[in-house]
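See structure below.
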Amino acid sequence: MAQLTLRVYYEDTDAGGIVYHANHLKYMERGRTEMLREFGYEQDVLMAEGLSFVASEINIKYHHPARFNELLTVTTEIEKLRRVGILFHQAIHNQESVLIASADVMIASIDPNLMKPKAIPAKMKEVFQRAL
């Protein structure tokens, strides 16, 4: 499991000081990006090598509001590996360990030049498999 800690900035909130719903998705995207980094993969390098990851399905539930200036922790876990996709389970908690949001996110691997599905390379899949 990978963890990312971040702070809620004023720009992340709506007029009531609560994190705008779409920003939860941005936080989760950062969590997945940092997990890739922990595994030794940079997305710009992967794209140059002809591999990109795109969200194909997201099921998100908002449990509790996150507020301006809170510290949040995004956890990212790989739930399932497929030939051209990865199912992640992600959660956001505040500094009191209150669950803010949770999501199951299906990421598809594609060829960024053709915009078509592409199998996850075997070596990369082995690295991901260890996280299961």
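Throughout, numbering of the chain's residues begins at 1 and tracks the sequence.
Atom-to-atom distance recorded for Ile58:CD1 and Glu29:CD is 8.5 Å, nearest 0.5 angstrom. Between atom CZ of residue Arg32 and atom CD1 of residue Ile107 there is a gap of 4.0 Å, rounded to the nearest 0.5 Å. Going from atom CD of Glu57 over to atom CG of Asn59 covers 7.5 Å, rounded to the nearest 0.5 Å.
Both Val105 and Ile86 are assigned to one and the same hydrophobic cluster, defined by single-linkage of ILVMFWY side chains at heavy-atom distances under 4.5 Å. Both Leu132 and Val127 sit in one connected hydrophobic cluster of ILVMFWY residues. Membership requires side-chain heavy atoms under 4.5 Å apart, directly or through other members. A chain of hydrophobic side-chain contacts below 4.5 Å, direct or via other Ile, Leu, Val, Met, Phe, Trp or Tyr residues, connects Leu25 to Met35. The hydrophobic cluster containing Met28 does not contain Leu87, counting ILVMFWY residues as joined when their side-chain heavy atoms lie under 4.5 angstrom apart, directly or transitively.
Within the 4.5 Å cutoff, the side chain of Asn23 has heavy atoms near those of the Asp12 side chain. The shortest side-chain heavy-atom distance between Phe53 and Leu46 falls under the 4.5 Å cut-off. Between His24 and Ile92 the shortest side-chain heavy-atom distance falls below 4.5 Å. Looking only at side-chain heavy atoms (C-beta outward), Met106 and Lys80 stay at 4.5 Å or farther from each other.
Side-chain contact, Gln43 with Ser52: no donor N or O sits under 3.5 Å from an acceptor N or O. With hydrogens and angles left out, the side-chain atoms of Gln3 and Thr73 include no donor and acceptor closer than 3.5 Å.
Pairs passing the ring-ring contact (aromatic ring centres under 6.0 Å, His included) check and including a residue from residues 86-129, sequence neighbours excluded, read Phe39-Phe128. Pairs engaging residues 109-132 under the side chain to side chain donor-acceptor pair (under 3.5 Å) rule: none recorded [sequence neighbours left out].
Judged as a side-chain contact (heavy atoms from CB on, under 4.5 Å), and not counting sequence neighbours, the contacts of Glu38 are Ala2. Partners of Glu34 according to the side-chain hydrogen bond (donor to acceptor under 3.5 Å, both in side chains) rule, which considers only residues two or more places apart in sequence or in another chain, are Arg37. With sequence neighbours excluded, the residues that form a side-chain contact (heavy atoms from CB on, under 4.5 Å) with Leu6 are Leu4, Tyr27, Arg30, Leu72, Val74.
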>> Run Val8 and Thr13 through side chain to side chain contact (heavy atoms under 4.5 Å, CB included) and show every step you take.
In response: CA-CA 8 Å; Val8 174; Thr13 64; 3.8 Å; yes
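Under the 3.5 Å distance criterion, the side-chain polar atoms of Glu77 are left unmatched by any main-chain donor or acceptor of Met1. A donor-acceptor contact shorter than 3.5 Å links the side chain of Asp14 to the backbone of Gly17.
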Pair up each side-chain donor or acceptor in residues 63-70 with any protein partner under 3.5 Å, not counting sequence neighbours, and list the distances.
residue: His63; atom: NE2; partner: Ser102; partner atom: OG; Å: 2.8
residue: Glu70; atom: OE1; partner: Arg67; partner atom: N; Å: 2.7
residue: Glu70; atom: OE2; partner: Asn94; partner atom: ND2; Å: 3.4

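Of all heavy-atom pairs between Pro121 and Leu51, the closest is CD-CD2, 3.8 Å.
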